Number of protein chains: 2
Amino acid sequence: MQVIKYPDPSTYKSILERPTMDNSEIEARVLPILHAVRTNGDIALKDFTHQFDKVELNDLLVSEEELKEAELSVPDELKNAINLAYINIFKFHEAQQQSPNPIETMEGVVCWRKSIAIEKVGLYIPGGTAPLFSTVLMLGIPANIAGCKEIIMCSPAGKDGKINATILYTAKLVGIHKIFKLGGAQAIAAMAYGTASVPQVYKIFGPGNQYVTSAKQLVTKHGCAIDMPAGPSEVMVYADDDSNASFVASDLLSQAEHGNDSQVILLARSERFANKVLEEIELQTNSLERKEFIGNTLKNSKIILVENDQQALNIINEYAAEHLILATTNADELAEKVINAGSVFIGGLTPESAGDYASGTNHTLPTNGYAKAYSGVSLDSYVKKVTFQKISKTGIQNIGNIVEIMASAELLQAHKEAMSMRLKATQN
Amino acid sequence: MQVIKYPDPSTYKSILERPTMDNSEIEARVLPILHAVRTNGDIALKDFTHQFDKVELNDLLVSEEELKEAELSVPDELKNAINLAYINIFKFHEAQQQSPNPIETMEGVVCWRKSIAIEKVGLYIPGGTAPLFSTVLMLGIPANIAGCKEIIMCSPAGKDGKINATILYTAKLVGIHKIFKLGGAQAIAAMAYGTASVPQVYKIFGPGNQYVTSAKQLVTKHGCAIDMPAGPSEVMVYADDDSNASFVASDLLSQAEHGNDSQVILLARSERFANKVLEEIELQTNSLERKEFIGNTLKNSKIILVENDQQALNIINEYAAEHLILATTNADELAEKVINAGSVFIGGLTPESAGDYASGTNHTLPTNGYAKAYSGVSLDSYVKKVTFQKISKTGIQNIGNIVEIMASAELLQAHKEAMSMRLKATQN
């Protein structure tokens with residue numbers, strides 16, 4: 001890890017800069033895939049699945065039998081853990097429900113907002129070595145609480161033509177209506193445009209590789225919404241000299257095991273503590289299987305020494321980390337001052353892995369500094385808030401003249417007339 | 001207006017199709033503007049302002065004197081109306097504030113979300129014939145309530161080198177910190193990337209022409225968030241035979257006066273009523289100044305005759321109108337069944353113009369069918385909801401094993417270890 005000692009504020013921006021990626025090449029490869037799926041539907045989907053996933057599928061839809069089989073094959077201990085995580089995530093997201101709150105802004109003028117579920121949503125769960133069933137919980141539970149009428153999911157099948165059993169078990173648990181064996185940009189295209197077998201959805205959620213990310217970005221141009229723009233995962237940990245160096249090291253390693261492009265930054269108060277963490281990292285890495293992998297990630301990682309809490313906070317808010325761990329003794333106090341972060345983990349006993357799996361918060365969070373303007377996935381992500389208003393005769397008398405004057409001043413005569421006519425009709 | 005009588009449900013999609021625009025040509029013209037501003041900053045801004053707005057500016061920032069001058073020149077009657085609208089809009093958006101609601105998902109595991117203002121936001125107010133000061137209210141008031149630390153605004157100057165006085169008056173009223181004489185794609189670029197005089201912001205709001213819209217879409221690729229994708233404004237009115245044909249006509253005309261590309265659709269229950277509305281439109285148009293303009297818009301507009309409320313609701317939810325006026329006697333009941341719309345106006349006495357100016361609701365709404373997945377601008381648009389969590393010793397004992405099992409099953413060993421270590425340390 002690179003150690004940067006007490007940097008000058010003028011250098012924060014460059015120190016914290018994330019690797020920028022030119023994705024024009026990726027886009028150029030994704031665009032024809034989107035076009036092919038839009039034009040040739042299921043035929044294109046099967047072709048791409050054969051080409052990219054090396055599997056020939058007759059049916060893209062996961063069958064009831066496959067779901068039953070999956071359920072039987074997941075060990076009870078794991079099912080139990082998933083079920084308990086489900087309960088926590090459900091509780092936290094259920095509490096995000098909002099009822100309409102009518103406001104009478106003037107006598108006779110009543111306005112309110114109502115949260116209405118997005119009717120059709122699509123979730124994407126990547127394939128690869130690790131079966132990300134936790135993401136099925138994170139994306140499926142709020143969709144279900146919101147009351148989305150059609151919740152579909154795409155995930156690539158392995159070479160055996162099947163989706164991982166734990167993913168299927170979890171998908172059934174959270175109430176996904178249809179699951180398709182589809183991965184990559186073609187899965188995103190299928191959900192955005194619809195095909196004979198895959199229903200079109202209005203919003204797509206979920207992580208993925210660069211092709212998936214690029215496809216999601218591109219379909220927004222055709223009216224399909226997405227959860228948020230994506231970038232590599234990242235953690236920032238702030239520790240003081242009283243923090244537990246083993247815990248801190250374990251949190252940095254958790255992030256490092258995600259892969260080469262993940263970002264790991266430690267803010268520490270002294271070189272002594274930084275060295276303790278480095279020693280701990282070495283020690284702990286030895287017992288981990290992905291040693292080399294982790295070593296590579298850590299080469300690009302940084303330890304920044306800071307003078308005091310204020311400097312740490314300035315760097316924290318400038319970086320806007322996806323995951324921010326405050327491992328200091330005054331973590332509660334510091335948490336109050338955090339402005340930019342996706343999710344904040346307070347105190348030495350709150351590792352990121354708690355939030356990744358089971359505490360209840362969502363683990364789909366803004367990366368790449370997007371936390372400056374974006375929120376993570378929540379129940380809000382699955383509803384739109386429609387405004388309603390109703391005006392009575394008294395209301396027209398109260399508001400009419402204001403609207404007339406403003407519409408005239410904006411030179412919108414017909415807007416004015418629409419009100420004048422009602423004013424006249426309700427007088428006396 | 002084209003009259004479509006009792007269409008078959010299979011034809012809804014094609015009847016309701018919005019004009020699609022190929023904006024690749026616009027994009028090709030906008031990209032070099034973005035690049036120039038990013039590279040040459042203020043020099044590029046002044047060049048483009050000279051080139052496009054035909055005005056030579058020494059200073060892009062509106063001065064205190066200009067603001068004072070503007071305040072003096074706005075008539076008291078208009079100021080009064082704006083001030084009253086301000087109060088209503090403030091009330092409605094203030095009520096959208098949310099306090100953190102900590103949830104103890106398991107004993108010792110506490111999670112909450114906190115709404116934190118986006119630090120830097122930029123508002124765009126178009127120039128042109130009509131001074132859209134109402135949009136300054138709609139975008140500025142929630143920014144202020146949210147507590148955004150830096151609220152800037154761009155609007156093009158006229159040939160006299162000045163921004164419309166009412167726009168300036170309103171900008172000061174709502175608490176905009178800095179106002180720049182900038183329009184078009186160059187204004188969006190300035191706010192997204194920052195220049196010597198224009199601060200960089202994290203999110204850009206506001207309507208604009210195709211160049212502005214395209215620039216907003218493009219800067220999202222560089223990490224700047226935007227309020228929502230944009231399309232031409234639109235209204236759908238549903239009326240039965242007891243509705244007031246003059247009111248209905250006036251609402252359709254209000255939308256029509258926005259311009260050639262605006263969408264106007266009437267759902268009616270009988271040909272007789274449709275004809276009454278058509279007569280009223282002719283009558284009312286005669287007394288309007290923008291006669292020809294309105295005539296052109298109405299040529300592309302539609303009246304759809306429907307058999308019953310259910311059919312109307314199906315069409316309403318398929319179209320997902322920016323503005324939906326329910327002018328029927330059972331409007332309250334129907335409003336409950338609306339799924340897709342930006343803003344709903346209930347009953348014959350609730351014209352769109354009330355919401356456009358002064359009722360309190362926001363008039364920046366999803367067009368082009370985006371209401372299926374997007375909400376209009378609200379206080380939510382100016383905050384991000386950051387999640388926080390804190391786990392105690394008891395919490396670790398309760399959640400630890402769940403996390404260990406799930407992390408192992410996802411093959412993320414370091415995630416597991418981060419928890420195991422804490423489990424061990426808190427056992428005794």
Side-chain angles (χ1 to χ4, degrees), chain A residues 78 81 84-85 88 91-92 95 103 105 109 111 116 118 130 202-203 225 250-251 253-254 257 288-289 339 341 343-344 346-347 349-351 353-355 357-361 372-373 375 384-391 396 399 402-403 405-406 409-411 413-415 417-419 421-422, chain B residues 78 81 84-85 88 91-92 95 103 105 109 111 116 118 130 202-203 225 250-251 253-254 257 288-289 339 341 343-344 346-347 349-351 353-355 357-361 372-373 375 384-391 396 399 402-403 405-406 409-411 413-415 417-419 421-422:
Chain A
L78 180 54
L84 290 168
N88 288 353
K91 271 187 206 162
F92 186 64
I103 304 291
T105 52
V109 180
C111 308
I116 302 177
I118 298 172
Y202 302 145
K203 189 166 184 178
S250 76
D251 292 332
L253 287 170
S254 294
E257 78 177 335
L288 294 174
E289 277 162 37
I339 297 170
S343 199
V344 183
I346 303 174
L349 291 180
T350 315
S353 56
Y357 289 109
S359 65
T361 60
K372 286 179 177 171
S375 313
K384 53 249 157 61
K385 294 181 183 169
V386 181
T387 48
F388 291 82
Q389 60 201 284
K390 191 177 182 182
I391 304 179
I396 287 289
I399 204 173
I402 305 172
V403 173
I405 293 168
M406 290 174 75
E410 284 197 355
L411 312 178
Q413 202 189 349
H415 280 65
E417 290 304 328
M419 186 51 88
M421 216 169 266
R422 282 155 168 113
Chain B
L78 179 53
L84 290 167
N88 288 351
K91 271 187 206 164
F92 187 63
I103 304 292
T105 52
V109 180
C111 308
I116 302 177
I118 298 172
Y202 303 146
K203 190 167 183 177
S250 76
D251 293 331
L253 287 169
S254 295
E257 78 177 333
L288 295 173
E289 277 163 36
I339 297 170
S343 199
V344 183
I346 303 174
L349 290 181
T350 315
S353 57
Y357 290 108
S359 65
T361 60
K372 286 178 177 172
S375 313
K384 56 248 157 60
K385 294 181 182 168
V386 180
T387 48
F388 291 83
Q389 59 201 284
K390 191 178 183 184
I391 304 180
I396 287 288
I399 205 174
I402 304 172
V403 173
I405 294 168
M406 291 174 76
E410 284 196 356
L411 312 177
Q413 204 189 346
H415 281 66
E417 290 305 326
M419 186 52 87
M421 217 169 268
R422 282 154 168 113

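Chain letters run A, B, ... following the sequence lines, proteins first and then strands; every chain starts at 1. None of these values were measured; they are calculated from a predicted model.
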Enquirer: Can you give me the closest heavy-atom contact between A:Ser359 and B:Cys111, atom names plus distance?
Expert: O-SG, 3.5 Å

Enquirer: Could you tell me which portion of A:Ile396 (side chain, backbone, both or neither) has an atom closer than 4.5 angstrom to a non-hydrogen atom of chain B?
Expert: side chain

Enquirer: For the candidates A:Ala354, A:Ala414, A:Gly355, which exhibits the highest count of non-hydrogen atom pairs separated by less than 4.5 Å from chain B?
Expert: A:Ala414

Enquirer: Could you tell me whether a side-chain N or O of B:Glu289 sits under 3.5 Å from a main-chain N or O of A:Gln413, the two making a donor and an acceptor?
Expert: no

Enquirer: Any non-hydrogen side-chain atom of A:Ser250 less than 4.5 Å from a side-chain atom of B:Arg422?
Expert: yes

Enquirer: To the closest 0.5 Å, what do you measure between OG1 (A:Thr350) and CD1 (B:Ile399)?
Expert: 9.5 Å

Enquirer: Checking A:Ile116 against chain B: side chain, backbone, both or neither under 4.5 Å from a heavy atom?
Expert: side chain

Enquirer: Which atoms form the tightest heavy-atom contact between B:Ser343 and A:Thr387, and what is the distance?
Expert: OG-OG1, 2.7 Å

Enquirer: Is there a donor-acceptor pair closer than 3.5 Å between any side-chain N or O of B:Lys203 and the backbone N or O of A:Ala373?
Expert: no

Enquirer: What option among A:Ala418, A:Pro351, A:Ala81 has the most heavy-atom pairs under 4.5 Å with chain B?
Expert: A:Pro351

Enquirer: What pairs with A:Lys384 under side-chain hydrogen bond (donor to acceptor under 3.5 Å, both in side chains), at least two apart in sequence or on another chain?
Expert: B:Asn340

Enquirer: Do you know the tightest heavy-atom contact between A:Phe388 and B:Thr361?
Expert: O-CG2, 4.3 Å

Enquirer: Return the option, out of A:Leu411, A:Leu349, A:Leu84, with the maximum number of heavy-atom pairs under 4.5 Å with chain B.
Expert: A:Leu349

Enquirer: Please look at A:Ile103 and chain B and tell me whether the side chain, the backbone, both or neither of the residue comes under 4.5 angstrom of a heavy atom of that chain.
Expert: side chain

Enquirer: At a heavy-atom separation under 4.5 Å, does B:Val109 approach chain A through its side chain, its backbone, both, or neither?
Expert: side chain

Enquirer: Could you check if a side-chain atom of A:Leu253 sits within less than 4.5 angstrom of a side-chain atom of B:Glu417, using non-hydrogen atoms only?
Expert: no

Enquirer: What is the minimum heavy-atom distance between A:Ile402 and B:Ala358, and which atoms define it?
Expert: CG2-CB, 3.9 Å

Enquirer: If you measure from OG on B:Ser353 to CE on A:Met421, what distance do you get to the nearest 0.5 Å?
Expert: 10.5 Å

Enquirer: Measure across A:Met406 and B:Ala85 and return the closest heavy-atom pair with its distance rounded to 0.1 Å.
Expert: SD-CB, 3.6 Å

Enquirer: To the closest 0.5 Å, what do you measure between CD (B:Gln389) and CD1 (A:Ile346)?
Expert: 8.5 Å

Enquirer: Is a side-chain donor or acceptor of B:Lys385 paired with a backbone partner of A:Ser375 at a separation under 3.5 angstrom?
Expert: no

Enquirer: I need the minimum non-hydrogen distance between A:Gly360 and B:Thr105, along with the two atoms involved.
Expert: CA-CG2, 4.4 Å

Enquirer: Pick whichever of A:Asp251, A:Ile339, A:Val386, A:Leu78 has the most heavy-atom pairs under 4.5 Å with chain B.
Expert: A:Ile339

Enquirer: Is any side-chain heavy atom of A:Tyr357 less than 4.5 Å from a side-chain heavy atom of B:Met419?
Expert: no

Enquirer: Given 3.5 Å as the limit, does a donor-acceptor pair link the side chain of A:Glu257 with the main chain of B:His415, or not?
Expert: yes

